[in-house]
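The block underneath contains the structure these notes are about, expressed in structure tokens.
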Amino acid sequence: MNTLWIEIIFWIALFIVFYTYLGYGIVLYLLVKLKELFVKPRERKLPPDGELPDVTLFITAFNEEEVVDEKMENSLALDYPEGKLHIVWVTDGSDDGTNARLCTHWEGKATVHFQPQRQGKTAAMTRGMQLIETPIVVFTDANTMLNREAIREIVLAFEDPRVGCVAGEKRIAVQTKDGAAAGGEGIYWKYESTLKALDARLYSAVGAAGELFAVRRELFEEMEQDTLLDDFILSLRIAMRGYTIAYCTEAYAIETGSADMREEEKRKVRIAAGGLQSIWRLRPLLNPFRYGILSFQYVSHRVLRWSVTPILLFLLLPLNILLLFMGASCAVYGTILVLQMLFYFLGLWGYHLSTRQIKNKLLFIPYYFLFMNVNVLKGIGYLRKKRGTGAWEKAKRGERI
């Protein structure tokens with residue numbers, strides 16, 4: 001292969017990496033601004049309290065004894081008319097004190113559906129949804145706390161009949177001093193939330209996060225039991241039926257970052273495996289002639305991150321070195337090589353600091369970025385290992401503040 005072809009591959013790879021992580025955000029921002037020059041966002045108002053719909057707060061849990069009291073206190077403090085918010089726990093497989101605590105200390109405040117078999121979150125959602133009658137269902141995790149106005153904000157978003165799913169915002173409770181897991185995750189989610197908000201303003205958010213999202217009950221559909229990213233699959237299948245996914249920044253869930261990078265790795269590998277699984281199961285969504293702008297958003301925001309981009313990212317360094325050995329422009333490729341080496345050095349520095357508590361979160365960015373992409377590659381092995389089961393090992397979270 002001559003130098004020209006390697007140069008072409010190098011620049012295509014560099015372009016895809018840039019577009020995936022920064023370029024799409026720029027393009028998205030410009031498209032939103034262009035759209036809103038001609039189409040102004042429509043303001044909607046909630047009906048009076050007496051006319052608000054009944055809502056179910058749906059909590060799937062496995063061995064969450066430590067957070068039951070805090071979650072119930074948070075749920076009961078939500079601003080929604082008394083008698084219209086129904087709290088439901090589905091605690092399949094829990095063998096700690098979760099069920100006992102709910103059925104004694106919180107008796108009459110929540111409905112508990114329990115079965116001794118642990119089949120995974122997706123199976124628990126499917127079983128629990130067969131018992132729900134309210135028109136709106138809000139899914140949330142046991143270890144995340146919602147802001148007081150969250151339910152009203154979600155219901156307001158559903159005032160638009162085109163909205164079939166509402167994605168709440170995920171926020172990481174980052175302390176003044178944090179390790180790379182919480183610090184990096186917090187920075188990542190701030191950027192990710194910005195992209196989600198822009199996606200929704202252009203047409204539709206691309207998926208929802210399980211920490212907080214809601215659906216119209218009649219749009220819920222049973223998913224394959226071994227589904228790893230139930231929130232993502234469910235929300236996008238709703239979007240594929242012609243509805244949109246609204247992104248609600250005023251309804252948010254707060255959770256602590258992972259306890260350490262080992263625990264964060266568990267999460268990232270599982271998410272990466274779930275992303276690969278989702279690409280296969282949502283493959284009709286790759287057709288832009290059928291799904292139009294949604295396909296563009298889906299490929300740009302999700303598919304590239306979970307498939308080819310991590311591979312191309314790690315190919316850039318050896319291709320760069322090979323081009324210099326083959327006599328390519330030293331000024332151009334030498335500069336790019338120095339920048340790449342500097343980025344990897346900062347990543348290694350971040351790795352060195354990952355077990356320490358420091359104030360400068362920016363030091364975690366290159367490490368966390370490389371860490372995420374390595375775990376996409378590890379996700380392939382995880383998907384093979386977990387094939388056929390929806391049960392997965394939970395990552396431990398840091399202490400709550």
Side-chain angles (χ1 to χ4, degrees), residues 28-29 31-58 78-81 84-86 129 132-140 146-171 192-221 231-253 282 285 290-298 300-302:
L28 186 59
Y29 176 81
L31 288 175
V32 168
K33 290 299 181 182
L34 180 62
K35 173 191 173 182
E36 292 181 352
L37 284 176
F38 303 97
V39 182
K40 299 299 180 184
R42 182 178 175 182
E43 291 190 11
R44 298 181 184 274
K45 294 183 179 180
L46 275 176
D49 282 6
E51 299 176 21
L52 288 173
D54 280 26
V55 175
T56 294
L57 187 65
F58 192 110
L78 295 172
D79 179 22
Y80 206 69
K84 286 184 174 287
L85 180 62
H86 310 272
M129 282 298 292
I132 302 300
E133 297 181 354
T134 61
I136 294 174
V137 183
V138 178
F139 297 95
T140 180
L146 312 184
N147 63 307
R148 192 168 185 272
E149 303 79 16
I151 305 301
R152 285 185 181 271
E153 293 294 335
I154 287 171
V155 171
L156 176 60
F158 278 119
E159 286 295 299
D160 184 345
R162 298 171 301 175
V163 172
C165 173
V166 177
E169 183 171 289
K170 173 182 174 178
R171 299 184 182 180
E192 183 64 16
S193 295
T194 300
L195 288 184
K196 287 184 176 184
L198 289 171
D199 271 329
R201 286 166 63 185
L202 181 63
Y203 173 67
S204 172
V206 186
E211 287 78 10
L212 176 61
F213 77 106
V215 303
R216 298 185 189 274
R217 179 179 53 83
E218 70 271 15
L219 297 181
F220 180 87
E221 61 178 85
D231 43 14
F232 187 76
I233 291 281
L234 174 59
S235 57
L236 275 181
R237 282 180 175 169
I238 289 173
M240 290 169 70
R241 292 161 68 177
Y243 294 90
T244 62
I245 304 169
Y247 187 68
C248 192
T249 58
E250 299 305 315
Y252 54 87
L282 298 174
L285 190 50
R290 182 176 179 182
Y291 294 104
I293 190 67
L294 182 62
S295 288
F296 163 70
Q297 293 179 294
Y298 171 59
S300 299
H301 195 161
R302 295 299 182 190

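Just so you know, these numbers use all the heavy atoms, side chains as well, and skip hydrogens, waters and symmetry mates.
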Donor-acceptor under 3.5 Å (Asp231 side chain, Gly207 main chain): no
Drop me the distance from Arg290's CZ to Met240's CE, to the nearest 0.5 angstrom. 6.5 Å
What residues, two or more places apart in sequence or in another chain, satisfy side-chain hydrogen bond (donor to acceptor under 3.5 Å, both in side chains) together with Thr56? Thr134
Are more than 12 heavy atoms, taken from residues, nucleotides or ligands other than Glu218, located less than 6.0 Å from that residue's CD atom? yes
Could you tell me the separation between the CG atom of Leu146 and the CD atom of Glu211, rounded to the nearest 0.5 Å? 10.5 Å
Would you compute the distance between atom CD1 of Ile136 and atom NZ of Lys84 and round it to the nearest 0.5 angstrom? 11.0 Å
Compare every heavy atom of Lys35 with every heavy atom of Leu202, then report the nearest pair and how far apart it is. O-NZ, 2.9 Å
Tell me, please, which residues at least two apart from Glu192 pass side-chain hydrogen bond (donor to acceptor under 3.5 Å, both in side chains). His301, Arg302, Arg305
In Å, rounded to the nearest 0.5 Å, how long is the span from CZ of Arg217 to CG of Asp54? 11.0 Å
Student check: side-chain heavy atoms of Pro41 and Glu36 closer than 4.5 Å: yes
Please identify each residue that fulfils side-chain contact (heavy atoms from CB on, under 4.5 Å) with Ala239, with sequence neighbours left out. Leu236, Ile245, Leu294
Go through the steps for Ile154 and Leu212 under the test side-chain contact (heavy atoms from CB on, under 4.5 Å), then give the verdict. CA-CA 10 Å; Ile154 287 171; Leu212 176 61; 3.9 Å; yes
Kindly give the heavy-atom pair with the smallest separation between Arg216 and Pro161, and that separation in Å. NH2-CA, 3.8 Å
Mark yes or no for whether Gln297, through its side chain, and Ser204, through its backbone, hold a donor-acceptor pair below 3.5 Å. yes
Using the test ring pair (Phe, Tyr, Trp, His ring centres under 6.0 Å), find all partners of Phe58 that sit at least two apart in sequence or belong to another chain. Phe139
With rounding to the nearest 0.5 angstrom, report the CG to CZ distance, Asp79 to Arg148. 4.5 Å
Any heavy-atom pair between the side chains of Leu57 and Leu78 that's under 4.5 Å? yes
Contacts of Tyr243 meeting side-chain contact (heavy atoms from CB on, under 4.5 Å) (sequence neighbours excluded), chain-then-number -> Leu219, Ile238, Arg241
Going by the rule side-chain contact (heavy atoms from CB on, under 4.5 Å), which residues pair with Ser300 if we only count those two or more places apart in sequence or in a different chain? Tyr19, Tyr24, Phe296
I need the Ile151 CD1 to Tyr80 OH distance, nearest 0.5 Å. 8.0 Å
Residues in side-chain contact (heavy atoms from CB on, under 4.5 Å) contact with Lys33, at least two apart in sequence or another chain: Tyr29, Arg201
Identify the two heavy atoms, one from Phe213 and one from Ala208, that lie closest to each other, and give their separation to 0.1 Å. CB-CB, 3.5 Å
Compare all side-chain heavy atoms of Phe220 with those of Ile132 and state whether any distance is below 4.5 angstrom. no
All side-chain hydrogen bond (donor to acceptor under 3.5 Å, both in side chains) counterparts of Arg44, not counting sequence neighbours: none
With sequence neighbours left out, the residues meeting salt bridge (charged side-chain N to carboxylate O under 4.0 Å, His left out) with Asp49 are Arg152
Evaluate the criterion side-chain contact (heavy atoms from CB on, under 4.5 Å) for residue pair Tyr298 and Leu282; output intermediate values, then yes/no. CA-CA 10 Å; Tyr298 171 59; Leu282 298 174; 3.7 Å; yes
What pairs with Phe232 under ring pair (Phe, Tyr, Trp, His ring centres under 6.0 Å), at least two apart in sequence or on another chain? Trp306
Does some side-chain heavy atom of Asp199 sit less than 4.5 Å from a side-chain heavy atom of Tyr247? no
Nearest heavy-atom pair of Ala251 and Ala150: which atoms, and what distance? CB-O, 3.6 Å
